[in-house]
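Comments concern the structure below.
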Amino acid sequence: MNFNGIAFDTYFKNYPDESGFFGKYGGVYVPDELKKAMEEITDAYFTICKSSKFIAELRKIRREFQGRPTPISYLERLSNSLGNVQLYVKREDLNHTGAHKLNHCMGEGLLAKYMGKKKIIAETGAGQHGVALATAAAYFGLECDIYMGAVDIKKQAPNVARMKILGANVVEVTHGLATLKEAVDAAFEAYGREYKDAIYCIGSVLGPHPFPMMVRDFQSVVGIEARAQFLEMTGELPDAVVACVGGGSNAMGIFSGFLNDPVDIYGIEPLGRGEKLGDHAASLKYGEEGIMHGFNSLMLKDENGEPAPVYSVASGLDYPSSGPEHAFLHDLGRVKYDVINDEETIDAFFTLSRMEGIIPAIESAHAVAYGIKLAKQMKKGSVLINLSGRGDKDMDYVIEKYGIR
Ligand SMILES: *Cc1c(COP(=O)(O)O)cnc(C)c1O
């Protein structure tokens, strides 16, 4: 399929280019010593991860440890309540550890093992990436240092406990606001010191090349499975595919299966409390071009051009930028990016729980809310929603803040 001059049948061979760019977005904006480390990972990725031995081992892990393939579920009661449109969800909530993040963490962990690294280093905000990575580290017998802001450590006690039980070393970061941004800075610094023995594992399709490409490719299993499963279930492709976008890894995972198809694709960002800067984290909709954490993308900026403070009810979505490939697909128009606010999200959280017996992660509930909106607008057809994770981690917070609806 051709779209605005881009041939999508050869898209994955051409994007990113050799320097790690998706059009003008992406790249490697890091100090020189880390550039070498990025080249080492890029070389290892193309030689190791593309070998049949690696692929076979990763497939076995996906099947026997992660619980893949995850199913697609038809949402019968919800669809019937809305009219003539059929809603489906891809069940990434049924992955071991409860979300799609393990898809790339197991890939990155296996790469670390093949490269002979002893340690994996990462940052975490809410702790979801830290838990998935600590799981991978335990599985592969690697040391694991997770950098986490002091503020987040206090807020996310259950995830901190999980990481520690899994054997990870949680490193407290106390400078600045002591949240995610400072944790990323500290993790990068540590990696600069330790890159001979360690590998950095980023939590989404973010950071310098090759991470946006590598994480997308590890997540593409979601889209490959979903396309085949949907065809088998219904005999056709969905009319629309929807996913939430924080950094954008679960979205790139499912989108990659449908970019070359006549399917409408929607990436949903958090509108939080509203359109004012500081009240949302919709970087693709409201951001401008900017560089942070080693890559060029669309970014929410404050008056000094620095990354702006952001907010969302979903801690997995509150990042002031998004993966460079999303910025590219946004400008190209191949993917439509839209927003859902906190209220709509909480409604969808309860609706899916009550009508289908599935409690979604608040992140994923953004995509569910948008799927419901689409179903009301469309006269007929089908919508496939990526249910990126389960809501166990969010239940206490939702009850405390919003009560039972
Ligand atoms: C972390 C997380 C997200 C956001 O990350 P992406 O890279 O945008 O996918 C979404 N859903 C869940 C359940 C998460 O844990």
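Every number for a ligand or one of its atoms is a count from 1 in the order of the listing. Quick caveat: nothing in here was measured; it's all calculated off a predicted structure.
- No hydrogens or angles considered: nothing links the side chains of Asn250 and Glu92 as a donor-acceptor pair under 3.5 Å.
- For Tyr74 and Tyr88, the gap between ring centers is short of 6.0 Å.
- Of all the heavy atoms of Glu92, none lies under 4.0 Å from any atom of ligand 1, so neither backbone nor side chain is involved.
- When Ala132, Gly247, Ser204 are ranked by how near their heavy atoms come to atom 7 (O) of ligand 1, first place goes to Ser204.
- Note: no N/O pair closer than 3.5 Å links Glu363 and ligand 1 by distance alone.
- Between the CG atom of Leu102 and the CG atom of Asn95 there is a distance of 6.0 Å, given to the nearest 0.5 Å.
- Put simply, part of His100 is less than 4.0 Å from ligand 1, judged by heavy atoms.
- When the heavy atoms of Gly248, Ala314, Ala126 are ranked by distance to atom 8 (O) of ligand 1, first place goes to Gly248.
- Protein heavy atom nearest atom 6 (P) of ligand 1, with residue, atom name and distance: Ser249 N, 3.3 Å.
- Interatomic distance, Ser322 OG to Leu329 CG, rounded to the nearest 0.5 Å: 11.5 Å.
- For Ser388, heavy-atom contacts with ligand 1 shorter than 4.0 Å involve the backbone as well as the side chain.
- Nearest protein heavy-atom neighbour of atom 4 (C) of ligand 1: Gly316 O, 3.3 Å.
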### Task
Please assess Arg77 against Asn80 for the test side chain to side chain donor-acceptor pair (under 3.5 Å), listing each intermediate value before the final yes or no.
CA-CA 5 Å; Arg77 293 221 307 129; Asn80 287 345; over 6 Å; no
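- A tilted orientation is assigned to the rings of Tyr286 and His280, their planes being inclined by 30° to 60°.
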